[in-house]
Protein chains: 2
Amino acid sequence: MKISAQEEYGLRCLVQLAALPDGASLTLPQIAEREGISTANAGKLMWLLNKAGFVHSTRGTKGGYSLQRPAEDIRLSEIIKVLDEDVLNKHCGSYTGVLDSCVHNGDCGIRPVIIGLHALVENALSQITLAQLVGNESSVDAMFHKVHSIHRTVEPHGV
Amino acid sequence: MKISAQEEYGLRCLVQLAALPDGASLTLPQIAEREGISTANAGKLMWLLNKAGFVHSTRGTKGGYSLQRPAEDIRLSEIIKVLDEDVLNKHCGSYTGVLDSCVHNGDCGIRPVIIGLHALVENALSQITLAQLVGNESSVDAMFHKVHSIHRTVEPHGV
DNA sequence: GACAATCTTGACGAAAAAATAATGTTTTGA
DNA sequence: TCAAAACATTATTTTTTCGTCAAGATTGTC
């Protein structure tokens, strides 16, 4: 279970924009340089994020990218969903209830785990906004710690 | 953020063995057929799981695979760690504190998110044993629901 | 001991993901 | 109006991951 390159860098690019003073914007070369990726790669990511409505782009000289919505309103779960190309709906069809083309119809032992994990991650990400990623990391840490402290009180079955 | 094919099918193979009556075993072709994968593929997965000490293999006629440890003792987190080839330690070095070859030294806005997510998943998986995946799924669901109910009481910052 | 069933392991090929390249479009300003 | 700067979009290449194949090693049976 890992974060894909697209998820990671797409998220990073948005954080860059969120850290900008009001009204400012960044060009592709600027974004690329700050993230250590190529301009072409940054361009593709920004194109995705633009299509999804997270950023606003202006062409021509003096152009660039800026956030289209307030950073406080953008939850990480939304971002990941776009950058991940709907993994939730593709994976073995178990999320839509269709279950075609999968040999594990009816007796799939790990389905609750997969579904549970995705829900767990999605839920955690839905509680973090872009704004929280700029500057102080304490609120993000606090959120995860809250979950952890609960987890540790639960013991595995049969041990 | 998704589960890799290796993680998914490796886990499935172990569930098959865990569901076996005491003393029984499965051959490679049997495992492959039940999981809808090729024998070669199953062979590679079982080889990994054998190296890691999860299963015991016997060669020759009447050979096959069986669990080396009680299913009640095997946590999913251990399994994923093996099948995932230590993603935690590779990803951008941030987990070891080294941070070489990464441009985001010192001001990596998403590091707490990545670390937090991995810890969240690892923690959840450490609370599920192989035994829980056989038969009744209720205990697995219950674990995830517990986390969810907590999560929903927390509101994002600035909203 | 020979043979068949079974696991082992490294090399190879196919598929998916990521990164890059290439081409086109829009805007600004001289 | 033209050129430069910047985004938009599709295609190509590269890299990584996944899956397969084949030859080898081990064990049980007759």
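Numbered from 1 within each chain, the chains take letters A, B, ... in sequence-line order.
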Check this one for me: any side-chain N or O of [X] less than 4.0 Å away from OP1 or OP2 of [N]?
X       : N      : answer
B:Asn50 : C:dC7  : no
B:Thr39 : D:dT20 : no
B:Tyr9  : D:dT17 : no
B:Ser38 : D:dG19 : no

Any B:Val113 side-chain heavy atom under 4.5 Å of A:Ile3 side chain: no
Is there a side-chain contact between A:Leu48 and A:Gln6 (heavy atoms, below 4.5 Å)? yes
For residues 22-29 of chain B, run the donor-acceptor check on the side chains, cut-off 3.5 Å, and write out each pair with its distance to 0.1 Å, sequence neighbours left out.
residue, atom, partner, partner atom, Å
B:Thr27, OG1, B:Gln30, N, 3.3
B:Thr27, OG1, B:Gln30, OE1, 3.4

Between the CD1 atom in B:Ile114 and the CE atom in B:Met1, the distance rounded to the nearest 0.5 Å is 9.0 Å
For the CG atom of B:Leu45 and the CG atom of B:Leu83, what is their distance to the nearest 0.5 Å? 7.0 Å
Atom-pair distance ([atom1] on [X]; [atom2] on [N]), nearest Å:
X       : N      : atom1 : atom2 : value
B:Leu28 : D:dA22 : CG    : C1'   : 15 Å
A:Leu45 : C:dA19 : CG    : P     : 8 Å
B:Leu49 : C:dC7  : CG    : C1'   : 14 Å
B:Met46 : D:dG19 : CE    : P     : 16 Å
B:Trp47 : C:dT6  : CH2   : P     : 22 Å
A:Glu35 : C:dA19 : CD    : P     : 13 Å

Under the salt bridge (charged side-chain N to carboxylate O under 4.0 Å, His left out) test, which residues partner A:Arg69, sequence neighbours left out? A:Glu78
Kindly give the atom pairs (protein nitrogen or oxygen, nucleotide nitrogen or oxygen) under 3.5 Å for nucleotides 15-18 of chain C.
residue, atom, partner, partner atom, Å
C:dA18, OP1, A:Ala5, N, 3.3

Listing, residues 50-64 of chain B side-chain donor-acceptor contacts under 3.5 Å, not counting sequence neighbours, or none:
residue, atom, partner, partner atom, Å
B:Asn50, ND2, B:Ser57, OG, 3.2

Could you tell me whether the side chain of A:Gln127 and the main chain of A:Asn123 form a donor-acceptor pair under 3.5 Å? yes
Which letters describe nucleotides 21-30 of chain C, given B = protein heavy atom under 4.0 Å from base, S = only from sugar-phosphate, - = neither? B--BBBBBS-
B:Ala71: what forms a side chain to side chain contact (heavy atoms under 4.5 Å, CB included) with it, not counting sequence neighbours? B:Ala18, B:Leu67, B:Leu130, B:Ala131
